[in-house]
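Each chain gets a letter, A, B and so on, in the order the sequences are listed, and its residues count up from 1. Treat the numbers as computed from the prediction; the structure is a model and nothing was measured.
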Amino acid sequence: MADSGETEGPGNKDVIERAKNDGRELTKEEKQRLRKEKKQQKKGKEKKDDKASQDGEKREKKPVSSASPAPQPATQPPTQKAPPAVPALVPVPASETPPPGDKPAKSKAELKAERRARQEAERASKQGKKGDVGGQQVAAGKPKAPPSELQPVVKRLPEYMQADNPEVLKKLAKKLERQQTPEYNAATKIPLRSDYGYKVSLFSHLHQYSRKAPLTQQLSIPSTVIHPAIVRLGLQYSQGIVAGSNARSVALLHAFKQVIRDYTTPPNEELSRDLVNKLKPYISFLNQCRPLSASMGNAIKYIKKEISNIPSQCKEEEAKSKLLTCIECYINEKIILAAKAIAKSSIEKISDGDVILVYGCSSLVNHILCEAFEKNRKFRVIVVDSRPRLEGREALRRLVQRGISCTYVLISAVSYILPEVSKVFLGAHALLANGYVMSRVGTSQIALVAKAFNVPVLVCCETYKFCERVQTDSFVSNELDDPDDLIVTRKGKTQLEHWQDVRLLGLLNLVYDVTPPDFVDLVITDLGMIPCTSVPVVLRVKNVDQ
Amino acid sequence: MELQAVLMAAGGGSRMTDLTYNTPKAMLPVGNKPLMWYPLNLLERVGFEEVIVITTREVHKMMSSDSKIKLDVKMKLDVVCIQEDGDMGTADALRHIQERIKTDILVVSCDLITDVALHEVVDLFRAYNATLAMLMSKAHEFTETVPGQKGKKKTAEQRDFVGVDQSGKRLLFMANEADLEDGLSIRKSIVRKHPRMHIKTGLVDAHLYCLKKAVVDFLVDNKSISSIRGELVPYLVRKQFSKTTNSQKIKDDAEDQNQKKNDGPTNHELLISSRDEPLLQLAQERSCWNDHRGDMSEAYHGGKLRCYVHIMDEGPCYRVNTICREANFSKCYRYGIGVRLDTDGSDIGYYYYHYYYYYYYYYYYYNYSSLRRRFINYRDE
């Protein structure tokens with residue numbers, strides 16, 4: 001009878017039904033009323049919930065209307081904003097002292113509340129039979145969800161964006177300590193790289209490392225904690241020997257192949273779980289050497305998924321060879337074939353007599369231009385370059401080596417040269433979920449000026465660089481490179497040599513910036529040519545596929 | 001495992017026979033510790049857990065009875081004894097232990113005393129995927145003459161000419177003056193690829209080398225090379241710029257005539273490719289980095305064999321291989337800041353940590369004649 005659906009009848013019926021289930025429910029209702037009173041009295045105080053039955057009740061409150069979760073926030077960590085429904089409910093039951101027998105003097109709202117509480121209690125009793133333990137955990141998880149509907153959610157910022165918060169740094173150091181390979185004791189851990197130099201205040205939440213202090217000086221030389229291939233890779237990242245989104249991903253996957261080859265499953269462990277745990281300290285190490293790029297992040301997610309999908313009865317050799325082929329397939333599909341597909345689509349967009357502007361050194365754009373030149377399109381290229389990286393020189397070398405006629409300018413001359421340009425091809429480091437393009441710093445300037453001159457801007461990007469992050473400005477998440485790169489020696493004089501001694505001077509060497517979708521006319525991906533705003537669609541389709 | 005350490009402790013000390021007539025060079029006391037303790041300590045501090053020690057039977061016996069080495073050195077020492085006749089060069093020794101070598105090696109000489117940050121040398125080896133990475137240091141001028149010997153000027157014919165590129169890291173040229181008959185000749189291919197080269201003569205070779213495993217395999221096949229420093233290193237440095245071909249003959253280069261026969265078949269062995277060579281190649285192609293600029297070639301000029309050197313500017317780096325050096329070094333060591341040290345070494349113990357600074361402090365003391373007298377006593381012991 002308790003399970004039959006309750007009808008919203010008049011108050012008398014409720015009274016009778018309540019009388020039937022007197023022993024258990026009333027106490028629960030009473031407790032609810034007490035809770036409401038307490039909440040009204042002591043707002044912002046944390047209440048402890050020590051009864052399992054109440055946990056069960058809380059579980060039920062989520063599907064019920066927003067008024068019912070009102071009692072719950074009372075037992076949660078302090079809430080700043082009391083939901084509007086609560087004051088409505090709270091004074092009503094609080095107005096009368098809650099002896100169980102005091103029924104006739106109840107108002108309509110209070111009866112409603114009691115009815116609701118009864119429904120929940122019945123549901124609780126139903127599910128309480130199913131299993132208390134599961135309920136406990138779910139209750140722990142679920143109560144977090146309703147408060148988020150009612151109040152501003154406090155999102156947790158990733159730790160790489162909290163370099164100026166000492167607690168976060170301490171937590172990071174502890175996390176690196178804990179992340180060791182299991183066979184070594186606590187003496188060996190991944191070192192924490194310390195920041196270098198004065199950081200401009202707007203970017204003080206980011207890390208800034210010096211190239212002259214590599215992470216390897218804190219590691220032992222025949223590196224035993226971290227696989228030598230990963231140490232080598234980290235060193236190459238921090239010295240800039242492997243630079244560029246595609247190159248970094250390929251090098252990362254190559255290093256992971258070596259790690260997998262050298263991996264042996266410990267006696268009581270499963271490969272699918274242990275290997276993922278083995279990779280975690282390596283990934284933190286690489287993150288310390290240089291913050292991971294979006295493409296690397298996607299590659300790591302893919303590998304972790306493949307590893308955890310290995311069936312447990314699979315033998316080690318078989319599993320390892322399967323993983324190695326997976327990695328090779330990934331590289332082949334997402335990087336090599338994607339580049340071919342993009343080149344094919346882009347060549348349609350390049351017509352004879354075109355003047356194409358490129359910025360910096362994007363491996364994909366260089367590939368496209370070389371392919372187009374081989375297909376006998378007649379065009380010339382203007383390479384725009386910027387300090388301190390001066391990557392355009394490398395792009396210039398690669399294009400001229402093929403025979404393409406090029407012009408080289410610095411970014412300060414972009415508005416001078418743009419009247420000559422017919423198209424702009426840009427590469428991307430990542431495409432964000434709101435359509436913004438994250439690329440080398442200076443790209444948004446080029447796109448802006450091109451828009452002002454009505455020159456079409458085409459961004460070329462493989463789909464594996466699409467990332468679910470949303471960013472509208474270049475400040476919130478970026479990368480700070482070594483500030484000493486900005487120091488230059490001309491005619492034997494180095495003016496900025498002692499920049500650290502000047503109190504009011506800070507050197508800022510940003511690596512990335514975001515370009516809004518208004519400036520981008522087309523994104524050429526391996527799925528085809530899409531407008532910038534279709535990126536979330538692609539992401540959604542990708543997730544569904546997986 | 002990444003690196004295996006090999007300590008060469010079988011040297012005879014040919015330039016310090018006055019001191020080595022009784023004890024082998026590796027066990028000569030410097031301060032209160034035998035000479036080979038210093039490189040072992042360097043390796044231990046950096047994090048090595050095992051070392052292969054190549055030495056003679058006599059030294060091995062002294063090592064096992066020596067308390068300093070037994071107690072202080074926590075690493076596992078895998079001692080390989082070789083004959084004492086002095087015919088075996090360092091490369092021959094490597095060939096001898098070839099089956100123990102499973103990864104890249106770090107070869108150290110027993111007479112090296114330094115506090116270099118080893119990661120600088122090894123990082124060059126790792127980051128650029130080098131075949132050889134070595135350590136050199138700017139020579140410190142020892143103004144003190146050795147008592148008991150006539151003023152013997154250091155002859156200039158022992159100079160080493162070392163050519164490095166603009167960054168100061170890549171080793172382009174190495175030759176000893178004794179090998180050069182009538183002038184320094186540099187191949188055109190080097191100059192074409194590296195138009196700016198710095199040639200230095202005042203460098204001390206620390207005899208610390210990081211070598212790839214492929215080099216050891218190459219040594220096994222080429223029994224003509226017997227010394228690492230004398231033959232192998234100049235060979236590798238030269239090999240960087242020779243035309244890399246597997247099957248076709250090397251084109252004529254005037255200087256190459258005598259080596260043409262050797263270069264052909266041995267070339268491909270040094271360029272052993274790793275299993276995922278195409279992936280590495282792809283990563284390098286896609287990377288927008290180049291080690292040089294100004295010409296049309298890709299990173300490293302497409303060369304697979306690379307030699308790097310780390311040149312220490314400051315900090316001690318001594319090779320104890322002549323009497324003059326040994327004398328100066330022991331003197332610095334023993335006559336420290338104000339405390340007179342006993343020969344049994346009981347007071348010297350804690351000075352180990354300060355010995356680096358002795359070099360800078362010793363010129364305050366070298367005028368004291370009393371100290372010089374004590375030095376002569378040491379020589380007689």
Side-chain angles (χ1 to χ4, degrees), chain A residues 188 214-229 231-236 238-255 257-258 261-262 324 327-328 331 335-336 339 360-364 366-367 389-395 397-398 400-401, chain B residues 1-5 42-51 75 102-106 108 116-130 133 167 169 208 210 274-300 302:
Chain A
T188 53
L215 204 49
T216 49
Q217 69 189 39
Q218 302 171 43
L219 288 176
S220 68
I221 290 245
S223 78
T224 40
V225 181
I226 303 178
H227 193 277
V231 174
R232 184 176 296 219
L233 186 67
L235 198 58
Q236 287 178 333
S238 62
Q239 305 287 328
I241 295 173
V242 176
S245 192
N246 281 336
R248 284 165 76 189
S249 309
V250 172
L252 174 75
L253 291 170
H254 166 80
K257 274 179 99 171
Q258 289 182 293
R261 263 199 214 105
D262 295 337
L324 293 175
I327 291 181
E328 273 163 38
I331 294 179
I335 301 179
I336 300 178
C361 184
S362 164
S363 55
L364 188 53
N366 291 343
H367 179 80
R389 282 177 177 242
L390 291 170
E391 287 170 337
R393 296 185 297 191
E394 183 59 22
R397 178 191 74 78
R398 289 178 196 198
V400 172
Q401 204 182 20
Chain B
M1 239 218 307
E2 191 184 358
L3 274 184
Q4 270 177 295
L42 172 70
L43 294 173
E44 188 171 358
R45 257 185 299 136
V46 162
F48 276 94
E49 287 168 1
E50 321 188 313
V51 183
M75 304 183 286
K102 309 215 172 19
T103 70
D104 304 336
I105 54 173
L106 174 70
V108 189
V116 68
L118 256 189
H119 76 88
E120 308 243 5
V121 180
V122 182
D123 279 352
L124 285 175
F125 185 66
R126 289 167 176 154
Y128 299 105
N129 207 11
S167 63
K169 292 197 204 141
L208 189 146
C210 266
S274 63
R275 238 180 300 193
D276 292 311
E277 186 66 22
L279 264 191
L280 271 183
Q281 200 54 32
L282 180 67
Q284 200 178 302
E285 267 171 40
R286 297 297 173 110
S287 170
C288 51
W289 175 85
N290 206 324
D291 67 328
H292 65 279
R293 58 183 182 87
D295 63 359
M296 279 294 162
S297 38
E298 55 194 23
Y300 310 127

Going by ring-ring contact (aromatic ring centres under 6.0 Å, His included), name the residues that satisfy it together with B/H119, two or more places apart in sequence or in a different chain.
none
What are the two closest non-hydrogen atoms of B/A127 and A/Q236, and how far apart are they?
O-NE2, 2.8 Å
Examine whether an atom of B/D291 lies under 4.5 Å from a heavy atom of chain A, and if so say whether it belongs to the side chain, the backbone or both; otherwise answer neither.
neither
Less than 4.5 Å to any heavy atom of chain A: does that hold for the side chain of B/T103, its backbone, both, or neither?
neither
Side-chain contact, heavy-atom cut-off 4.5 Å: A/I335 with B/R286?
yes
Pairwise side-chain contact, B/D123 with A/Q239, heavy-atom cut-off 4.5 Å (strictly under):
no
B/E285, part contacting chain A, at a heavy-atom distance under 4.5 Å
backbone
How would you list, by chain and number, every residue that makes a salt bridge (charged side-chain N to carboxylate O under 4.0 Å, His left out) with A/R393, sequence neighbours excluded?
none
Greatest number of non-hydrogen atom pairs under 4.5 angstrom with chain A, of B/A5, B/S297, B/A299, falls to B/S297
With a 4.5 angstrom heavy-atom cut-off, could you sort out which part of A/R248 is near chain B: side chain, backbone, both or neither?
neither
Do A/L253 and B/L279 touch side chain to side chain, with heavy atoms closer than 4.5 Å?
no
Any chance you could measure B/W289, atom CH2, to A/R389, atom CZ, to the nearest 0.5 Å?
14.0 Å
Less than 4.5 Å apart, any side-chain heavy atom of B/L282 and any of A/I331?
yes
Which value, rounded to the nearest 0.5 Å, describes the distance between B/F48 atom CZ and A/I221 atom CD1?
6.5 Å
Contacting moiety of A/Q401, where chain B heavy atoms sit under 4.5 Å
both
Among B/L43, B/L106, B/V46, the residue with the most heavy-atom pairs under 4.5 Å to chain A is B/V46
Minimal non-hydrogen separation, B/A283 against A/A247, with atom names:
O-CB, 3.4 Å
Nearest 0.5 Å, what's the CD-CD distance between A/Q217 and B/E120?
7.5 Å
Most contact-rich option vs chain B, by heavy-atom pairs under 4.5 angstrom, among A/P222, A/G244, A/S223, A/S363, is A/P222
Looking only at heavy atoms, what is the nearest atom pair of A/V242 and B/S287, with distance?
CA-OG, 3.6 Å
Sub-4.5 Å side-chain heavy-atom contact between A/R397 and B/E298:
yes
Is A/A339 close to chain B through its backbone or its side chain, or both, or neither, when contacts mean heavy atoms under 4.5 Å?
side chain
Go through the atoms of B/A117 and report whether side chain, backbone, both or neither lie under 4.5 Å from a heavy atom of chain A.
neither
